[in-house]
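Just below is one structure, and these are the notes that go with it.
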Number of protein chains: 2
Amino acid sequence: MPEEPASIWMRPERGARGPAPERSRAQIAVVAIDLAIAGGLAAVSTRQIAKALGTGPASLYRYVATRDDLIDLMHDTVTGEIDLSVPLTGDPVEDLLSLAVRTKDLYLRYPWLLDVPVERTRLGPRAADYLEHALRALQHVPMTGRQKLEAISLLNGLVTLFAHIEIQERRTPTARQAAQAAYQAQLAADGRHPLIAAAMADSTLDPPDDPRQSFERMTRRLLTGLGLPG
Amino acid sequence: MPEEPASIWMRPERGARGPAPERSRAQIAVVAIDLAIAGGLAAVSTRQIAKALGTGPASLYRYVATRDDLIDLMHDTVTGEIDLSVPLTGDPVEDLLSLAVRTKDLYLRYPWLLDVPVERTRLGPRAADYLEHALRALQHVPMTGRQKLEAISLLNGLVTLFAHIEIQERRTPTARQAAQAAYQAQLAADGRHPLIAAAMADSTLDPPDDPRQSFERMTRRLLTGLGLPG
DNA sequence: GAATACTGCGAACATCGATCGCAGTATTGG
DNA sequence: CCAATACTGCGATCGATGTTCGCAGTATTC
């Protein structure tokens, strides 16, 4: 029962006998991320990556233990794009808010991130740097370690919620969405759901609120609600 | 280009010539939900359902257009378990909070609900009743239709976040989680992540906060932050 | 130059969602 | 009461998926 983590983070160039593996894990990650950008997480398949790399599907398993580990690798890779070098002001709420905004920008840049299940992701090196940074912002706040971790997890959850909203807002109403709206309107117009009908009628007229303002406000309230000084 | 919704909600007994389809969509939903309870959403497959029903996999497609529609059906079915008959008090915050608590209970009862992607779900009849109920709680609040819909969507998002936390908390630390914790501790112990190490050390000692209290507090803050009177 | 240790990968397996077309059957119309 | 009709159930099958096995090839080490 050694139950070795068998994670990909330790996998690379183990023996390092080979000739500097040209197609390293980083390359695999890049190709996979490109596929995800183009076609979403569902488009990230062993064979598509292999095809893009000019190899066979079986080759990837020398560098990646399983598909989930590959997704962890992708996740960790793009997490590295978050700039952690900005200095902390000492105000935990403002510091975490700033970090949350940068995180939300990352989600908007890589919408497929919203599809990776949160509870399954393992902590990669870049994500560890990220978490360390967030904990540094909370360093002098009187909370237990558990409370801090939960607060950060909750904050990240809020980020994904608003990222969802902003992405939804950003998409021009395609024919598909219009059809769906029409269907929902039809369902609402059966008389038994008057409030839905009214709200959706309004919804097409009202200008959307600026999601960023709302995000800032809600993030501040969440953080102060969790016990941060505010 | 009729682009008919082709949704399952209108699919059943169309011509109704057959002999009262014994294995109706409701039965399929029940079996699929049982499979999801036992093995998660990933265990819900055409063939497993067919096997449980004693038929072939192709038969299901007479009642269900696609797997996504099946999942919508499952979602809508369990949504029907939420009791909407409780009277509204007239206080929108308290009414929505009460609804949110019942919704969170549903998620705790059916954890696979957390795995169904939110942005893809279509509005079934039960979910429409649910939405109508939530809008009724907001009836006399001065918000636009769009704002109300977004508020409800955000509220449901918060429900899923806390459901995630509570489920995570509920699981006894299995060997798997222990191994993962050990791995993360090892990663934290390389010296470059002292705060992670400290927080996780605390985390194993500190008793967890009561998630329900925290949920109530955060929900109230979210709702008042969105402009509800509080 | 031989032993070694790793890499790349073709072939294959199990499983998945989904489609096609036909046999069977219940309902309808005459 | 029989034929036409319209639907149901489903075997066979397609394309694609994640993953494993084992072998040929190659670079490194002794």
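The sequence lines fix the lettering, A, B, ..., with proteins before strands; numbering per chain opens at 1.
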Fill in the blank from the handout: The side chain to side chain contact (heavy atoms under 4.5 Å, CB included) partners of B:L113 (sequence neighbours excluded) come to B:H75, B:V78, B:L106, B:Y107, B:Y110, B:V116
Handout entry: side chain to side chain donor-acceptor pair (under 3.5 Å) involving B:R146 - partner list, sequence neighbours excluded
Key = A:E169
Exercise for the section: Mind checking salt bridge (Lys or Arg N to Asp or Glu O under 4.0 Å) for B:E132 and listing every partner two or more places apart, or none if nothing turns up? Expected result: none
Handout entry: By salt bridge (Lys or Arg N to Asp or Glu O under 4.0 Å) - contacts of A:R212 (at least two apart)
Key = A:D210
Problem - d(CD, B:Q27; P, D:dT8) in whole Å - result: 15 Å
Exercise for the section: Give a yes/no on whether any side-chain N or O of B:Y63 is located under 4.0 angstrom from OP1 or OP2 of D:dT8. Expected result: no
Fill in the blank from the handout: Residue set satisfying side chain to side chain contact (heavy atoms under 4.5 Å, CB included) with A:Q48, at least two apart, ordered chain then number -> A:L35, A:S45, A:K51
Problem - d(CG, A:D69; P, D:dG18) in whole Å - result: 14 Å
Expected list for residues 152-160 of chain B: side-chain donor-acceptor pairs under 3.5 angstrom, two or more places apart:
residue: B:N156; atom: OD1; partner: B:Y130; partner atom: OH; Å: 3.2
residue: B:T160; atom: OG1; partner: B:G157; partner atom: O; Å: 2.6

Fill in the blank from the handout: Atom CZ of A:R25 and atom P of C:dG8 are separated, to the nearest Å, by 14 Å
Practice task
Return the value, rounded to whole Å, for the distance between atom CD1 of A:I28 and atom C1' of D:dG18.
Solution key: 15 Å
Show each protein N/O and nucleotides 19-23 of chain C N/O combination with a separation under 3.5 Å, one pair to a line.
none

Scan nucleotides 13-17 of chain D against the protein and return all N/O pairs shorter than 3.5 Å with their distances rounded to 0.1 Å.
residue: D:dT17; atom: OP1; partner: A:S45; partner atom: OG; Å: 3.3
residue: D:dT17; atom: O4; partner: A:R47; partner atom: NH2; Å: 3.4

Handout entry: Side-chain N or O of B:T66 closer than 4.0 Å to phosphate OP1/OP2 of C:dG17
Key = no
Exercise for the section: Only counting residues at least two apart or in another chain, list the ones meeting side chain to side chain contact (heavy atoms under 4.5 Å, CB included) with B:V101. Expected result: B:L97, B:D105, B:F215
Problem - With A:R120, the salt bridge (Lys or Arg N to Asp or Glu O under 4.0 Å) member among A:D69, A:D72, A:D115 - result: A:D72
Completion exercise
The nucleotide from D:dC10, C:dG8, D:dG9 with an atom nearest the side chain of A:S59 is C:dG8
